[in-house]
There are 4 protein chains.
Amino acid sequence: MPKFTRKEREYQVRRAEIMTAAERVFSAKGFHKATMGEIAKESEFAEGTLYNFFKSKIDLYHSLIEEKSEELLDYLRKQVSKTGGAVEKVKCLIRAQMAFFEKNRNFFKIFVRERDSFEWMAGKDVGGRVNKVYQTHIDFVARIIKDGLKHSEFRNLNPKEAAYALTGLLNSSISRWVTSPRRGRLLAQAPSLIEIFLRGVQKSRGGKSYGRRFEESV
Amino acid sequence: MPKFTRKEREYQVRRAEIMTAAERVFSAKGFHKATMGEIAKESEFAEGTLYNFFKSKIDLYHSLIEEKSEELLDYLRKQVSKTGGAVEKVKCLIRAQMAFFEKNRNFFKIFVRERDSFEWMAGKDVGGRVNKVYQTHIDFVARIIKDGLKHSEFRNLNPKEAAYALTGLLNSSISRWVTSPRRGRLLAQAPSLIEIFLRGVQKSRGGKSYGRRFEESV
Amino acid sequence: MPKFTRKEREYQVRRAEIMTAAERVFSAKGFHKATMGEIAKESEFAEGTLYNFFKSKIDLYHSLIEEKSEELLDYLRKQVSKTGGAVEKVKCLIRAQMAFFEKNRNFFKIFVRERDSFEWMAGKDVGGRVNKVYQTHIDFVARIIKDGLKHSEFRNLNPKEAAYALTGLLNSSISRWVTSPRRGRLLAQAPSLIEIFLRGVQKSRGGKSYGRRFEESV
Amino acid sequence: MPKFTRKEREYQVRRAEIMTAAERVFSAKGFHKATMGEIAKESEFAEGTLYNFFKSKIDLYHSLIEEKSEELLDYLRKQVSKTGGAVEKVKCLIRAQMAFFEKNRNFFKIFVRERDSFEWMAGKDVGGRVNKVYQTHIDFVARIIKDGLKHSEFRNLNPKEAAYALTGLLNSSISRWVTSPRRGRLLAQAPSLIEIFLRGVQKSRGGKSYGRRFEESV
DNA sequence: AATGAATGAGATTTCATTCAT
DNA sequence: AATGAATGAAATCTCATTCAT
């Protein structure tokens, strides 16, 4: 007995085709410049058909981000859980995130570029949903840092601040790679990012410090 | 003999008023949702009048970013030039950038959020202009890093990569501050960022390394 | 030998089910706001199936009005034919019409409200068909009046004019009853309508007149 | 010092032009079949311009009905107030209403045909507003009847019921005239309507009655 | 130089109808 | 014969831009 009927499976296939087309168009033009007409053409469905799958343009956009983000977060969690120790987890996280976006360049553009833009779109509601995904991600990273603190793998710093730092570091590099015309492997940049970040947060072995301590600074 | 006639000066004043209004509206709504009508009302000019100063909506937006970015870069250059040594310059850069955006929150939203979005807007032309500003900034940062390398203040790494890293680090933190509802001083976060970044890029004093070396990785 | 085969009978049953559903939906939303999708759901058939019974939405609408109107007219004719004398026939007509619509509120909304709207819908064709039903009804009423004139039961007046008057009188009261939220029996209003109309058209017994005579007025 | 500036006057002129065009189109096609495009063409403005005067199609439609209804009611009130005695007022009312619609045929179609249709349009709100105008009218007529009752000009009947009766009577005749292709003067039909209605409601001079009394019937 | 009313291209969305299964 | 997914025409509304005053 199949979990899904043939109809349901076909429905999901078509839905996915639309989403892929939408991902292409949205990533190329941004939400506002993208038109349903273009997504229709790209997905080889009629315009009206799109509305049998998504109730509006914003719903399509938003579903796209939400579902793909889940995929990303699931992937990261799964990869990271395979290793132990905060340092190893951080390394793994960086590599996994790069690996994911190396395969999902279009989605990266949508994910990062529109992240903050959402607050104006269709009220707090949609913005809120996407932002929540982002916050979930930050919290996930912060948790890793916190564990590292507990086991004295990292020096004393604000986990959330470090999570933002790492995320910014990563996104900036990914963004550069995504935008750049000539592309080597994104993953090749993992080691240097890992090195920068881990040196940045690990316990000082020389005792030297470059500013006021975290405790004083907040 | 005045450099600018009274007329010219008045023209500049009115132009600046429009830009300030535009900054408010664009930062609150984003480029597409912002309307010329609203900018007109905000600036207390008629809609048609805006077109005596800027030839289109996109031109206004773009002029805004370009000119304000110049201001930012000038400010950063001036501040950084006051100190010597790459490490000091980096500290100074971080503090200066935070100081600038603490005073120009609205502009930050425009600067960062729309940075990459530009490639779709009105063709390569405009996107190119804004991107160029961003590239100029990256080059400026990369130059500081490179100087640090030359004087062995930093370990062996790709200056441009490090420049992207620093910029991402900074923007991520600023973004968090800008978005967050309850705001302390942004500058208070400078020390920890400085520490993370400088530890990350300075010469190892323990010889320990966290990944393959930079040389191997590119 | 049956007049209709089983197949034909089943066809008629399904057709009637659709019409009943359509009556509900059309009366609730009006022609334009009603959708084939809703009628389909209401009738528990698929959308496509409706088109096996009616060739278009407008055809369904129109068939509904036409057939139900026939039903109404048949009912009125049958009732009225049971009595003799124009005065009695008028009383009977009023009561019968009220009785019919008391049982067919939904249809009344369609019948009266859209009556005149028809001329724009899908050209003269459809409008014509419905209007013809209405004209038939008016003629039927006018014929009763005319008989009353012949037998000197009514004063000298234009039969058609009187027929319009009576119809307007009736519809206005029925409309009020249909629209009103709290409903007693519609038939309870028959006596006063009968009295108003019959006084209005019967031969004056006092010779008093309230305007120029009919003969002068047209 | 003029009450209205030139600009305001010109604005009103253009607004009125749009309304007249809208009246033509709405009366010819009904609300749904009428398009903003056609109203634009008819009024010789661009489509977008209509939206400088009315915020939506429904708002235009509704403004049209509301303002023209006010005009009608004002006219009726003014005319009726010129005479004294309920009987005279009724005569005057019938003549005035006919006179008004003889000059405003297009509006009649809108006023009567869409009266009840409104409940489905855009929720209770708009339907409510138009219905209220109609109720106001009914109340106005009912008040005249009530005064007639007080002075014993009419026999004992329910004023509101009589008001509905008169309104139905009138509208039916006007509707016939409006729809009919060859038109004499509508006002020529006033005398016979007056006679029917007044005979119908005035005190019986022969004592004969045609049904149960009003008192029993409600 | 400033105005703001007019413009119309262009986007989203609905829904009657068709047709392959 | 019944289905309901796909279609695409058509309608409303927005807003950058123009231009007569």
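Proteins get letters first, then strands, A, B, ... in listed order; numbering begins at 1 in each.
Counting non-hydrogen atoms under 4.0 angstrom, A:Thr49 reaches a base of the nucleic acid. As judged by a 4.0 angstrom heavy-atom cut-off over every strand, D:Ala34 is placed among residues touching the sugar-phosphate backbone only. Nucleic acid contact class of C:Arg14 (heavy atoms, under 4.0 Å, all strands): sugar-phosphate only. Note on A:Tyr11: nothing from the nucleic acid sits closer than 4.0 angstrom, heavy atoms only. Within 4.0 Å of D:Lys7, counting heavy atoms only, lie sugar-phosphate atoms of the nucleic acid but no base atom. Backbone-only engagement by A:Phe53 is indicated by non-hydrogen atom pairs under 4.0 Å involving sugar-phosphate atoms exclusively.
Distance, A:Phe54 CZ to F:dA6 P: 12 Å, rounded to whole Å. If you measure from atom CD1 of C:Ile39 to atom C1' of F:dG4, you get 16 Å, rounded to the nearest angstrom. What separates CG of A:Asp59 from P of E:dT12 is a distance of 14 Å, to the nearest Å. Regarding C:Glu44, its CD atom lies at a distance of 12 Å from the P atom of F:dG4, rounded to whole Å. The distance from atom NE2 of D:His32 to atom C1' of E:dA16 is 15 Å, rounded to the nearest whole Å. Atoms NZ (D:Lys33) and C1' (F:dA10) sit 11 Å apart, rounded to a whole Å. A:Asn52 places its CG atom 14 Å from the C1' atom of E:dT17, with the value rounded to the nearest Å. Between C:Tyr61 atom OH and E:dA16 atom P the separation is 14 Å, expressed in whole Å.
Note: B:Tyr11 and B:Phe53 meet the aromatic proximity criterion, with ring centroids under 6.0 Å apart.
By the 4.5 Å heavy-atom criterion applied to side chains, A:Glu8 and A:Gln12 are not counted as neighbours. For the pair A:Phe31/B:His32, no side-chain contact is recorded, criterion being any heavy-atom separation below 4.5 Å from C-beta on.
Nearest to the side chain of D:Glu47, among E:dA6, F:dA16, F:dC13, sits F:dC13. Distances from the side chain of B:Lys57 to the nucleotides F:dA1, F:dC13, F:dA16 place F:dA16 closest. Among the nucleotides F:dA11, E:dA6, E:dT13, the one closest to any side-chain atom of D:Phe45 is E:dA6. Of the candidates E:dT12, F:dA16, E:dA6, the closest approach to any side-chain atom of A:Tyr51 belongs to E:dT12.
Between C:Gly48 and B:Thr35, the residue anchored closer to the 5' end of DNA chain F is C:Gly48, taking for each the nucleotide with the nearest heavy atom. Between B:Leu50 and D:Leu50, the residue anchored closer to the 5' end of DNA chain E is B:Leu50, taking for each the nucleotide with the nearest heavy atom. Between B:Ala46 and C:Met36, the residue whose closest nucleotide on DNA chain E is further toward the 5' end is B:Ala46.
Pair assignment for F:dG4: E:dC19, on the basis of Watson-Crick or G-U wobble contacts that are both within less than 3.5 Å.
Of the listed residues (C:Lys29, C:Lys68, C:Lys109), just one forms a salt bridge (charged side-chain N to carboxylate O under 4.0 Å, His left out) with C:Glu23, and that residue is C:Lys68.
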Decide side-chain contact (heavy atoms from CB on, under 4.5 Å) for C:Tyr134 and C:Ser69; before the verdict, give the C-alpha distance in whole Å, the side-chain angles of both, and the deciding distance to 0.1 Å. CA-CA 8 Å; C:Tyr134 191 71; C:Ser69 297; over 6 Å; no
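When the shell of 6.0 Å around CD of B:Glu44 is examined, it contains 12 or fewer heavy atoms from other residues, nucleotides or ligands.
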